[in-house]
S.K.: 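Encoded as structure tokens, here's the structure I'll be asking about.
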Amino acid sequence: MPAVSAPAAAVGALASCALWGPDGRVLAEFYAAALGWHLAGEFPGEEGVPSAFLVTDGSTRLVFHTARDFKAPDWPADELPFHLDLAFEDVPAAERRLLALGAVKPAHQPGGEYWTVLLDPSGQPFCISAGWPEGS
């Protein structure tokens, strides 16, 4: 049996995760409401107008940027380079709330009983579930 080694010490930390859409403020407000977080800051773009919006729960940060030429992926035809997985204790209630906030549920649902795919207001897919099993 091979020896088990201790994990390497972390050499960095994830400061935030950034996402782009046609309107960064709209996305920030959607995800802040979806997660029960708050809009904690806005930052100007090259024109001096706010174009990046920070959402946080106090420990994790998401930054939503306005992209002039944003084009939502044609999912599931396009592979996704990135998406968010959101966990909720009551997934059916969360789905109803997210749909009321402006999410859309596409017909294609590859997660079976494990997760549900929704599209955010910019048309980007994200998944909701009860979360990953402990220790994953």
Side-chain angles (χ1 to χ4, degrees):
M1 179 172 191
V4 176
S5 61
V11 295
L14 180 64
S16 68
C17 181
L19 295 104
W20 279 257
D23 188 326
R25 180 181 294 280
V26 167
L27 282 179
E29 290 171 350
F30 172 80
Y31 281 103
L35 295 166
W37 294 8
H38 66 279
L39 184 61
E42 54 184 51
F43 307 93
E46 294 175 5
E47 295 83 27
V49 176
S51 64
F53 304 88
L54 174 69
V55 172
T56 185
D57 67 348
S59 64
T60 304
R61 294 170 223 48
L62 298 173
V63 181
F64 297 93
H65 294 267
T66 299
R68 288 184 300 261
D69 299 323
F70 178 80
K71 181 180 180 290
D74 179 17
W75 184 84
D78 294 343
E79 291 184 340
L80 299 176
F82 186 85
H83 78 276
L84 295 176
D85 290 325
L86 307 181
F88 297 94
E89 287 184 24
D90 186 340
V91 177
E95 180 179 330
R96 289 188 299 273
R97 190 169 58 79
L98 292 165
L99 292 171
L101 289 170
V104 173
K105 186 174 181 179
H108 184 63
Q109 292 293 325
E113 64 188 60
Y114 301 106
W115 68 83
T116 299
V117 178
L118 298 176
L119 305 177
D120 70 20
S122 73
Q124 296 181 88
F126 67 99
C127 296
I128 62 171
S129 70
W132 292 98
E134 197 65 34
S136 297

S.K.: So, taking the atom named CG in Leu84 and the one named CG in Leu62, what distance separates them when rounded to the nearest 0.5 Å?
M.R.: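 Leu84 atom CG to Leu62 atom CG measures 6.0 Å (nearest 0.5 Å).
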S.K.: Applying salt bridge (charged side-chain N to carboxylate O under 4.0 Å, His left out) as the test, list every pair that has at least one member in residues 108-120; sequence neighbours left out.
M.R.: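 Those involving residues 108-120 do not exist here.
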S.K.: Any pair with a residue in residues 73-88 that passes salt bridge (charged side-chain N to carboxylate O under 4.0 Å, His left out), sequence neighbours left out, goes on the list, sorted by first then second residue, please.
M.R.: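 Pairs touching residues 73-88 that pass the test: none.
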S.K.: So which atom in Pro106 and which in Val104 form the shortest heavy-atom distance, rounded to 0.1 Å?
M.R.: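 Smallest heavy-atom distance, with atoms named: CD-O, 3.4 Å.
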S.K.: If Ile, Leu, Val, Met, Phe, Trp and Tyr residues are connected whenever their side-chain heavy atoms lie under 4.5 Å apart, and connections chain through other members, are Phe30 and Val91 in the same group?
M.R.: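 As far as the 4.5 Å side-chain criterion goes, Val91 and Phe30 are connected within one cluster.
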S.K.: What pair of heavy atoms forms the shortest contact from Phe53 to Ala28, and how long is it?
M.R.: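 For Phe53 versus Ala28, the nearest heavy atoms are CB-CB, 3.6 Å.
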S.K.: Determine the minimum heavy-atom distance between Pro44 and Ser51, stating which atoms define it.
M.R.: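 The pair with the smallest heavy-atom distance is C-OG, 3.9 Å.
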S.K.: Would you check if Leu27 and Trp20 make a side-chain contact, meaning some heavy-atom pair closer than 4.5 Å?
M.R.: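 A side-chain contact is absent here, since even the closest heavy-atom pair is not under 4.5 Å.
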S.K.: Pairs of donor and acceptor atoms involving the side chains of residues 35-42, under 3.5 Å and at least two apart or interchain, shall be tabulated with distances.
M.R.:
residue, atom, partner, partner atom, Å
His38, ND1, Thr56, O, 3.2
Glu42, OE1, Arg25, NH2, 2.6

S.K.: Do the side chain of Thr66 and the main chain of Asp23 share a donor and acceptor less than 3.5 angstrom apart?
M.R.: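 The answer is no, because no donor-acceptor pair under 3.5 Å joins these two groups.
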S.K.: Verify, without hydrogens or angle tests, whether Ser129 (side chain) and Trp115 (backbone) share a donor-acceptor contact under 3.5 angstrom.
M.R.: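 Looks like no, no N/O pair under 3.5 Å.
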S.K.: Any salt bridge (charged side-chain N to carboxylate O under 4.0 Å, His left out) pairs touching residues 49-73, not counting sequence neighbours?
M.R.: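 Listed once each, the pairs are Glu47-Arg68.
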S.K.: Looking at Val117 and Pro125, what are the two nearest heavy atoms and their distance?
M.R.: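 Looking at all heavy atoms of both residues, the shortest contact is CG1-CB, 4.0 Å.
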S.K.: Any heavy-atom pair between the side chains of Leu19 and Cys17 that's under 4.5 Å?
M.R.: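 Answer yes - side chains close enough.
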S.K.: Compare all side-chain heavy atoms of Phe70 with those of Ser122 and state whether any distance is below 4.5 angstrom.
M.R.: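 Heavy-atom side-chain distance check passes, below 4.5 Å.
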S.K.: Do His108 and Trp75 have ring centroids that are under 6.0 Å from one another?
M.R.: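 Yes, the ring of Trp75 comes within the 6.0 Å limit of the ring of His108, centre to centre.
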S.K.: Verify the cluster assignment for Phe82 and Ile128: are they in a single hydrophobic cluster under the rule of side-chain heavy atoms below 4.5 Å apart?
M.R.: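 Phe82 and Ile128: one cluster.
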S.K.: Would you please name every residue forming a ring pair (Phe, Tyr, Trp, His ring centres under 6.0 Å) with Tyr31, sequence neighbours left out?
M.R.: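 Ring pair (Phe, Tyr, Trp, His ring centres under 6.0 Å) list for Tyr31, sorted by chain: Phe64, Phe126.
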S.K.: Within the 4.5 Å heavy-atom criterion, are Thr116 and Gln109 side-chain neighbours or not?
M.R.: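 Result yes, sub-4.5 Å side-chain heavy-atom pair found.
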S.K.: Indicate if Val26 and Leu98 have the same hydrophobic cluster label, given that clusters are the connected sets of ILVMFWY residues with side-chain heavy-atom separations under 4.5 angstrom.
M.R.: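 No: no chain of side-chain contacts under 4.5 Å links Val26 to Leu98.
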S.K.: Looking only at heavy atoms, what is the nearest atom pair of Cys127 and His83, with distance?
M.R.: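 For Cys127 and His83, the tightest heavy-atom pair comes out as SG-NE2, 3.7 Å.
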S.K.: Among pairs that include at least one residue of residues 95-107, which meet salt bridge (charged side-chain N to carboxylate O under 4.0 Å, His left out), considering only residues two or more places apart or in two chains?
M.R.: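 Those involving residues 95-107 are Glu95-Lys105.
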S.K.: With rounding to the nearest 0.5 Å, note down the distance linking CG in Leu119 to CD in Gln124.
M.R.: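 With rounding to 0.5 Å, CG (Leu119) is 9.5 Å from CD (Gln124).
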